[in-house]
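Labels below follow one simple rule: chain letters A, B, ... track the order of the sequence lines, proteins then strands, and each chain is numbered from 1. Computed from a predicted model, the values in this text were never measured in an experiment.
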Protein chains: 2
Amino acid sequence: MNNQKLYKGSLQTIILNLLDEKGRLYGYEITKLVKEQTQGELQITEGALYPTLHKLEGEGVLQVEMELVNNRQRKYYSLTKKGRLEKVKRLEDLARFLQTMEGLIAPKVKA
Amino acid sequence: MNNQKLYKGSLQTIILNLLDEKGRLYGYEITKLVKEQTQGELQITEGALYPTLHKLEGEGVLQVEMELVNNRQRKYYSLTKKGRLEKVKRLEDLARFLQTMEGLIAPKVKA
DNA sequence: ATATATACATAAGAAAGTTGGGTATATTTT
DNA sequence: AAAATATACCCAACTTTCTTATGTATATAT
């Protein structure tokens with residue numbers, strides 16, 4: 001969790017992928033899920049998450065449903081049609097990025 | 001080369017690793033090498049590169065030797081002792097990051 | 001003669017985070 | 001009962017890192 005710099009740029013991809021897997025999630029839930037799934041390695045801060053969700057919603061990539069649970073307001077996000085297309089593109093980009101980085105930092109391992 | 005956002009945060013690591021491999025390189029050479037080694041996937045812009053080299057030099061991670069070749073000034077960069085230590089740390093961080101991202105985006109592949 | 005390649009550099013702005021607040025309710029601990 | 005923690009949302013100031021657009025200068029290719 002000390003290499004947060006590297007995660008810069010991948011937050012949107014992570015969100016799109018998670019929402020595609022889970023169907024719908026609310027913000028707070030996303031932070032907990034990611035922390036759990038990465039064994040604490042990645043801590044998404046709320047200061048980063050909420051603005052990103054609003055941005056993706058504004059772009060028509062995400063849609064929102066409000067729900068009152070336990071007298072607390074939740075905003076459930078899910079992918080729109082556009083969001084599902086965008087998610088495919090992002091995952092392709094990420095896969096290529098990961099491949100490239102592995103090729104760059106460990107060419108000896110490959111050979 | 002349309003997923004540049006993802007590379008945000010990894011430029012310093014790439015530079016440190018390349019310099020460790022090659023011994024010494026000058027700036028322009030780094031852009032050409034990376035482009036070549038990534039089959040054009042990653043284009044390091046000079047606007048990003050030069051300030052980064054200066055920053056790393058300022059931190060004592062890199063050292064410079066000036067050389068006049070073909071009547072053109074080159075600035076050869078190489079790792080300092082501190083730089084070699086820093087490089088190890090950065091590569092560890094990067095490896096963990098890559099692992100985490102693979103785990104996040106392809107849990108089905110792993111299982 | 002002109003365009004491209006080599007080789008350095010900076011500065012304005014955009015993008016995407018961190019940090020540090022704030023509000024409100026529910027649950028757990030002291 | 002009071003205090004602390006967890007749940008659930010939000011925003012604003014600031015920082016880091018990169019893009020885009022320049023600028024300078026020499027060498028080589030068209």
Side-chain angles (χ1 to χ4, degrees), chain A residues 1-16 24-36 40-59 61-62 64-77 90 93-94 97 101, chain B residues 1-16 24-36 40-59 61-62 64-77 90 93-94 97 101:
Chain A
M1 221 200 34
N2 49 351
N3 51 342
Q4 295 295 48
K5 239 190 343 188
L6 292 169
Y7 291 94
K8 214 160 208 172
S10 47
L11 177 57
Q12 294 185 18
T13 306
I14 290 170
I15 292 172
L16 294 187
R24 59 172 219 162
L25 297 166
Y26 57 97
Y28 191 76
E29 194 179 13
I30 291 176
T31 66
K32 297 300 163 193
L33 248 179
V34 169
K35 184 180 178 185
E36 188 188 308
E41 162 74 8
L42 179 52
Q43 289 275 84
I44 296 180
T45 62
E46 296 183 319
L49 179 64
Y50 289 117
T52 299
L53 289 174
H54 301 158
K55 191 187 176 218
L56 291 174
E57 187 195 351
E59 291 170 358
V61 168
L62 300 184
V64 187
E65 292 163 301
M66 303 289 281
E67 233 164 274
L68 196 65
V69 179
N70 263 350
N71 205 33
R72 281 204 217 85
Q73 201 56 240
R74 284 184 188 171
K75 291 178 77 175
Y76 277 96
Y77 289 90
R90 297 296 185 98
D93 286 348
L94 181 57
F97 163 70
M101 286 307 290
Chain B
M1 221 200 33
N2 49 353
N3 51 343
Q4 295 295 45
K5 241 188 345 188
L6 292 168
Y7 290 95
K8 212 158 208 169
S10 48
L11 177 58
Q12 293 186 17
T13 305
I14 290 170
I15 292 171
L16 294 186
R24 61 172 218 161
L25 296 165
Y26 58 98
Y28 191 75
E29 192 179 15
I30 292 176
T31 66
K32 297 301 163 192
L33 248 177
V34 169
K35 185 180 178 186
E36 186 188 308
E41 163 73 9
L42 178 51
Q43 288 276 82
I44 297 181
T45 62
E46 296 182 316
L49 178 65
Y50 290 117
T52 300
L53 289 173
H54 301 159
K55 192 188 175 217
L56 292 173
E57 187 195 352
E59 292 170 359
V61 167
L62 299 185
V64 187
E65 291 164 302
M66 303 289 279
E67 231 165 275
L68 196 66
V69 179
N70 263 350
N71 203 33
R72 280 206 217 83
Q73 201 58 238
R74 285 184 187 168
K75 291 179 76 174
Y76 277 96
Y77 288 90
R90 296 295 185 98
D93 286 348
L94 180 56
F97 163 70
M101 287 306 290

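For Tyr28(A), the listed nucleotide lying nearest its side chain is dA6(D); candidates were dA6(D), dA16(C), dT19(D). Nearest nucleotide to the side chain of Leu11(B), out of dC18(D), dT19(D), dA6(D): dC18(D). Side chain of His54(B), nearest nucleotide from dA7(C), dA15(C), dT10(C): dT10(C). Considering only the side chain of Lys8(A), dG17(C) comes nearest among dT19(D), dT26(D), dG17(C). Nearest to the side chain of Asn70(B), among dT19(D), dT28(D), dT6(C), sits dT28(D).
Here Arg74(B) lies in heavy-atom contact (under 4.0 Å) with sugar-phosphate atoms only. Across all strands shown, Glu46(A) has heavy atoms under 4.0 Å from base atoms, whether or not it also approaches the sugar-phosphate. Among the atoms of the strands shown, base atoms are found under 4.0 Å from some heavy atom of Gly47(A).
The one candidate from Leu94(B), Leu11(B), Val61(B) that meets the side-chain contact (heavy atoms from CB on, under 4.5 Å) condition with Leu16(B) is Val61(B).
Straight-line distance from the CD atom of Glu65(B) to the P atom of dA7(C): 16 Å, rounded to whole Å. Protein atom CD1 of Ile30(B) is 11 Å distant from nucleotide atom P of dA9(C), rounded to whole Å. We find that CG of Leu49(B) is positioned 12 Å from C1' of dC18(D), with the value rounded to whole Å. Remark: P of dC8(C) and CG of Asn71(B) are 14 Å apart, rounded to the nearest angstrom. Distance OH (Tyr77(A)) to P (dA8(D)): 14 Å, rounded to an integer number of Å. Atom pair Leu53(A):CG and dC11(D):P shows a separation of 11 Å (rounding to whole Å applied). Computed from coordinates, the Gln43(A) CD to dG17(C) P distance equals 15 Å when rounded to whole Å. Straight-line distance from the NZ atom of Lys55(B) to the P atom of dT10(C): 15 Å, rounded to whole Å.
Annotation: of the two residues near DNA chain D, Tyr50(A) and Arg72(A), the 5′-most nearest-nucleotide partner is Arg72(A). Across the interface with DNA chain C, nearest-nucleotide mapping of Glu29(B) and Ala48(B) shows Glu29(B) to be the residue nearer the 5′ end.
Residues Glu29(B) and Tyr77(B) bring no donor and acceptor atom of their side chains to less than 3.5 Å of each other.
Of the side-chain N and O atoms in Lys5(B), none sit less than 4.0 angstrom from OP1 or OP2 of dT17(D). Using a 4.0 Å cut-off, some side-chain N or O of Tyr26(B) falls inside it from OP1 or OP2 of dA7(C).
The side-chain heavy atoms of Leu68(A) and Arg74(A), taken from C-beta on, include no pair separated by under 4.5 Å. Considering only heavy atoms from C-beta on, Arg24(B) comes within 4.5 Å of Glu67(B) through its side chain.
Within 6.0 Å of NZ in Lys35(B) there are 12 or fewer heavy atoms belonging to other residues, nucleotides or ligands.
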